[in-house]
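Here the structure comes first, spelled out in structure tokens, and everything after it is commentary.
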There are 2 protein chains.
Amino acid sequence: MAQKNRLKYVLLGLLKTKKQTGYDLAKSFDSDIGEFWNANHSQIYPLLKRMEEDKLIGHEDVTVGQKLQKKQYFITNKGQKIFYAWLKSPSDLDNTHDEFILKLFFIDDAQSPLLKPMIITQQKYHEEKLQQLNTQFKQKFSTQKKIDQNFGHSLVLRHAIDREQGYSNWLTEMLKLI
Amino acid sequence: MAQKNRLKYVLLGLLKTKKQTGYDLAKSFDSDIGEFWNANHSQIYPLLKRMEEDKLIGHEDVTVGQKLQKKQYFITNKGQKIFYAWLKSPSDLDNTHDEFILKLFFIDDAQSPLLKPMIITQQKYHEEKLQQLNTQFKQKFSTQKKIDQNFGHSLVLRHAIDREQGYSNWLTEMLKLI
DNA sequence: GCCTCCATGTAATCCGTTACATGATTAA
DNA sequence: TTAATCATGTAACGGATTACATGGAGGC
């Protein structure tokens, strides 16, 4: 055994809402869920095949135009079951792999000339991100109804915004310290 | 090519301070740096060997007791060079893999009975973590001198505390919402 | 006709985890 | 003497990234 294969549950979660092709699923990671999870099509297609062998999902072939065959995947009862079992199971937390933090750890000297430029670069990045997330929230959750119907998604996006804000504040504090 | 191999830089960073065995390096991840990076000895030993082939590090054999041979690794000039080059290079940020957040994303309904127990479990975890980090900070950085001599480390630990505090606050807010 | 996007796959490679395996030293 | 810790390795496997590869649909 090795690793977790949480991607399996992500795909089941996405298929829970509507049937989709592998291509559609892959696209979800470019927007939406991409904020906190990622996967490429080269990982998704083989996994879908294995999941179908395990009867967690099924597919129907759909013909588009003259020749193009696409596979509409859907979740099975068994798939639903293991998805909800996962939801209820305890969550373990990977440690974050933030390269900036890692570098910072190795700067022993408060007077190091490396510090300031590092912080400023990072700050720029996180401020852009923050703006982008705020825009996203306004677009996706413009009404209370939209929030109520995608409650978890809204909470998660709110969390991402909080996190970025916290990160920004911390960087600002650091600049004052040096 | 695949992936980043940042572990290489972590090991160089640790060896920059003092020469150490693979065993010592592996132990660093249990305390100290373990807060935001991890590695097992089974990954470390082969990597050290490769790094030595690349002349980033060297080692001297030390005999302990009658028979035990251990390898004291040290960083070379070349190793120092590529370490500082890495420090100065732009940092890219992996997206966090937080399983709780992932699950939350899939809870569409604000009235779902799953929500409350999930949040409470998570809250317990993060509050423990917060306490633990606070204790750690007090132990490691009891004087200003200690902070000044391990400035980056203190900033990073401060950040971890902020992050946990933010997470806790967010969870508390969520409980009010449901 | 051409470019963009849709759509599906495989191969190579590396990273990271778990498990297997062995033996020495040291302190209770 | 025995248990915990020090010390070093390999093997198997699964996850994730990058690159290679192919072809159809639809709009301009």
Side-chain angles (χ1 to χ4, degrees), chain A residues 1-11 14 19-31 33-34 36-54 57 59-73 92-97 99 102, chain B residues 1-11 14 19-31 33-34 36-54 57 59-73 92-97 99 102:
Chain A
M1 242 165 299
Q3 254 103 317
K4 325 254 174 185
N5 198 4
R6 302 211 190 91
L7 182 56
K8 178 167 77 177
Y9 300 105
V10 175
L11 297 180
L14 292 170
K19 34 185 186 174
Q20 293 175 74
T21 64
Y23 186 84
D24 295 329
L25 291 164
K27 261 198 311 179
S28 302
F29 295 95
D30 295 335
S31 55
I33 200 176
F36 52 95
W37 214 270
N38 200 34
N40 301 306
H41 79 273
S42 55
Q43 195 182 0
I44 292 170
Y45 287 119
L47 180 54
L48 286 170
K49 195 170 265 180
R50 267 185 305 162
M51 287 167 70
E52 189 166 28
E53 282 164 19
D54 295 341
I57 56 174
H59 83 270
E60 28 187 272
D61 291 309
V62 178
T63 307
V64 179
Q66 301 301 304
K67 294 182 179 175
L68 186 62
Q69 289 277 98
K70 54 180 190 174
K71 296 183 181 173
Q72 286 275 355
Y73 283 98
D92 49 36
L93 187 60
D94 292 4
N95 46 12
T96 57
H97 277 195
E99 195 175 21
L102 187 58
Chain B
M1 245 164 296
Q3 253 102 314
K4 326 255 173 184
N5 197 5
R6 301 211 192 90
L7 181 56
K8 178 168 74 177
Y9 300 105
V10 175
L11 297 180
L14 292 170
K19 34 185 187 174
Q20 292 176 74
T21 65
Y23 186 85
D24 294 329
L25 290 164
K27 262 199 313 178
S28 302
F29 295 95
D30 295 335
S31 55
I33 199 175
F36 53 94
W37 214 270
N38 201 33
N40 301 307
H41 78 274
S42 54
Q43 197 184 359
I44 291 170
Y45 286 119
L47 181 54
L48 286 170
K49 196 171 266 179
R50 267 184 305 160
M51 286 167 69
E52 189 166 28
E53 283 165 17
D54 295 341
I57 56 174
H59 84 270
E60 29 189 90
D61 291 309
V62 177
T63 307
V64 179
Q66 302 301 305
K67 294 181 179 177
L68 185 62
Q69 289 277 99
K70 55 179 187 174
K71 297 182 180 174
Q72 287 275 357
Y73 283 99
D92 49 35
L93 187 58
D94 292 4
N95 46 12
T96 57
H97 277 196
E99 195 175 22
L102 187 59

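Below, chain A is the first sequence line, B the second, and so on; all start at residue 1.
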Subject >> Length of the CG-P vector between B:Leu7 and D:dA16, whole Å >> reply: 18 Å
Original post:
Expressed in angstrom and rounded to an integer, what is the separation of B:Leu47 atom CG from D:dT8 atom C1'?
Top reply: 15 Å
Original post:
salt bridge (charged side-chain N to carboxylate O under 4.0 Å, His left out) with A:Lys4: which residues, sequence neighbours excluded?
Top reply: A:Asp92
Original post:
What pairs with B:Glu99 under side-chain hydrogen bond (donor to acceptor under 3.5 Å, both in side chains), at least two apart in sequence or on another chain?
Top reply: A:Arg6, A:Trp86
**OP:** Answer yes or no: does a side-chain N or O of B:Tyr45 lie under 4.0 Å from OP1 or OP2 of D:dG9?
**Re:** no
**OP:** Using whole Å, report how far CD1 of A:Ile44 lies from P of D:dT17.
**Re:** 11 Å
Original post:
Roughly, in whole Å, what's the span from CZ in B:Phe29 to C1' in C:dT17?
Top reply: 14 Å
Original post:
For B:Glu60, what residues pass the salt bridge (charged side-chain N to carboxylate O under 4.0 Å, His left out) criterion, not counting sequence neighbours?
Top reply: B:Lys19
Subject >> C:dC14 OP1/OP2 closer than 4.0 Å to side-chain N/O of B:Arg50 >> reply: no
Original post:
Could you state the CG-P distance from B:Leu48 to C:dG16, rounded to the nearest angstrom?
Top reply: 14 Å
Subject >> Gap between atoms CG and P, on A:Asp54 and D:dG14 respectively (whole Å) >> reply: 12 Å
Subject >> Residue closer to the 5' end of DNA chain C, A:Lys4 versus B:Lys4 (nearest nucleotide) >> reply: B:Lys4
Subject >> Pairing residues for A:Ser28 by the side-chain hydrogen bond (donor to acceptor under 3.5 Å, both in side chains) criterion, not counting sequence neighbours >> reply: none
Original post:
Does A:Thr21 have a side-chain nitrogen or oxygen under 4.0 Å from the phosphate oxygens OP1 or OP2 of C:dT8?
Top reply: yes
**OP:** Find the distance B:His41:NE2 to C:dT22:C1' and express it as a whole number of Å.
**Re:** 11 Å
Original post:
What residues form a side-chain hydrogen bond (donor to acceptor under 3.5 Å, both in side chains) with B:Thr63, not counting sequence neighbours?
Top reply: B:Gln69
Subject >> Sugar-phosphate only, base, or nothing, as touched by A:Arg6 at under 4.0 Å among non-hydrogen atoms >> reply: nothing
Subject >> Qualifying residues under side-chain hydrogen bond (donor to acceptor under 3.5 Å, both in side chains), relative to B:Asp24, sequence neighbours excluded >> reply: B:Thr21
**OP:** Determine whether any donor atom in the side chain of A:Ser42 lies under 3.5 Å from an acceptor atom in the base of D:dT18, or the reverse, and answer yes or no.
**Re:** yes
Original post:
What parts of residues 60-67 of chain B reach DNA chain D, counting only heavy atoms under 4.0 Å away?
Top reply: none
Pairs under 3.5 angstrom only: tabulate donor-acceptor contacts from the side chains of residues 44-52 of chain A to other protein residues two or more places apart or in another chain.
{"from": "A:Tyr45", "atom 1": "OH", "to": "A:Tyr23", "atom 2": "N", "distance (Å)": "3.4"}
{"from": "A:Glu52", "atom 1": "OE1", "to": "A:His59", "atom 2": "ND1", "distance (Å)": "3.0"}
{"from": "A:Glu52", "atom 1": "OE2", "to": "A:His59", "atom 2": "N", "distance (Å)": "3.2"}
{"from": "A:Glu52", "atom 1": "OE2", "to": "A:His59", "atom 2": "ND1", "distance (Å)": "2.7"}

Original post:
Can you check the B:Asp24 CG to D:dC6 P distance for me, whole Å?
Top reply: 9 Å
Original post:
B:Asn40 side chain N/O closer than 4.0 Å to the phosphate oxygens (OP1, OP2) of C:dG16?
Top reply: no
Distances under 3.5 Å between nitrogen or oxygen atoms of protein and nucleotides 4-6 of chain C:
{"from": "C:dC6", "atom 1": "OP2", "to": "A:Tyr23", "atom 2": "OH", "distance (Å)": "2.7"}
{"from": "C:dC6", "atom 1": "O5'", "to": "A:Tyr23", "atom 2": "OH", "distance (Å)": "3.4"}

Subject >> Nearest atoms (heavy-atom pairs only) where B:Leu25 meets B:Phe29 >> reply: O-CD1, 3.3 Å
**OP:** Examine C:dT8: is either OP1 or OP2 under 4.0 Å from a nitrogen or oxygen in the side chain of A:Lys49? Give yes or no.
**Re:** no
Subject >> Chi angles and distances behind the side-chain contact (heavy atoms from CB on, under 4.5 Å) call for A:Lys70, A:Asp61 >> reply: CA-CA 6 Å; A:Lys70 54 180 190 174; A:Asp61 291 309; over 6 Å; no
Original post:
So do the side chains of A:Leu14 and A:Tyr9 get within less than 4.5 Å of each other, counting heavy atoms only?
Top reply: no
